[in-house]
Chemist: 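Please see the structure below; I have some questions.
Because the structure is predicted, anything quoted here is derived from the model rather than measured.
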Amino acid sequence: MVAGVLARFAIGIIAALMGVAGGKLLIPTLVLLFGADIKLAGSLSLAAVSLPTMLVGFRPRRMKPRHPPRQ
């Protein structure tokens, strides 16, 4: 559990510094560090990257008007 949290934190920092998606770094980490099958690692990577993106995209937002209404 601790290794997984540390790996995700390291992947997030490296991905942010390099400007790449975290899934590209998550697949080799799952295969090499945790011994996961490559197909399972790809599926987990897709879920780990797309699920938070969908949750943020579907959340309700209030749109602020750019200009106040004219009277």
Chemist: With rounding to the nearest 0.5 Å, note down the distance linking CG in L30 to CG in D37.
Modeler: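 Reported to 0.5 Å precision, the distance equals 11.0 Å.
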Chemist: Between L32 and L26, is there a shared hydrophobic cluster once you connect ILVMFWY residues whose side-chain heavy atoms come closer than 4.5 Å?
Modeler: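 As far as the 4.5 Å side-chain criterion goes, L26 and L32 are not connected within one cluster.
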Chemist: Rounded to the nearest 0.5 Å, what separates atom OG1 in T29 from atom CD1 in I11?
Modeler: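 The distance works out to 3.5 Å.
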Chemist: Do you know which two heavy atoms are closest between S45 and I27, and how far apart they sit?
Modeler: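 Minimum heavy-atom contact is CB-CG1, 3.6 Å.
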Chemist: To the nearest 0.5 angstrom, please state how far the CG atom of L44 sits from the CZ atom of F34.
Modeler: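 Reported value, rounded in 0.5 Å steps: 11.0 Å.
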Chemist: Taking a hydrophobic cluster as the set of Ile, Leu, Val, Met, Phe, Trp and Tyr residues connected by side-chain heavy atoms closer than 4.5 Å, whether directly or through intermediates, do I14 and L33 fall within one such cluster?
Modeler: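 Same cluster.
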Chemist: With rounding to the nearest 0.5 angstrom, report the CD1 to CG distance, I13 to L25.
Modeler: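 Rounded to the nearest 0.5 Å, the CD1-CG separation comes to 12.0 Å.
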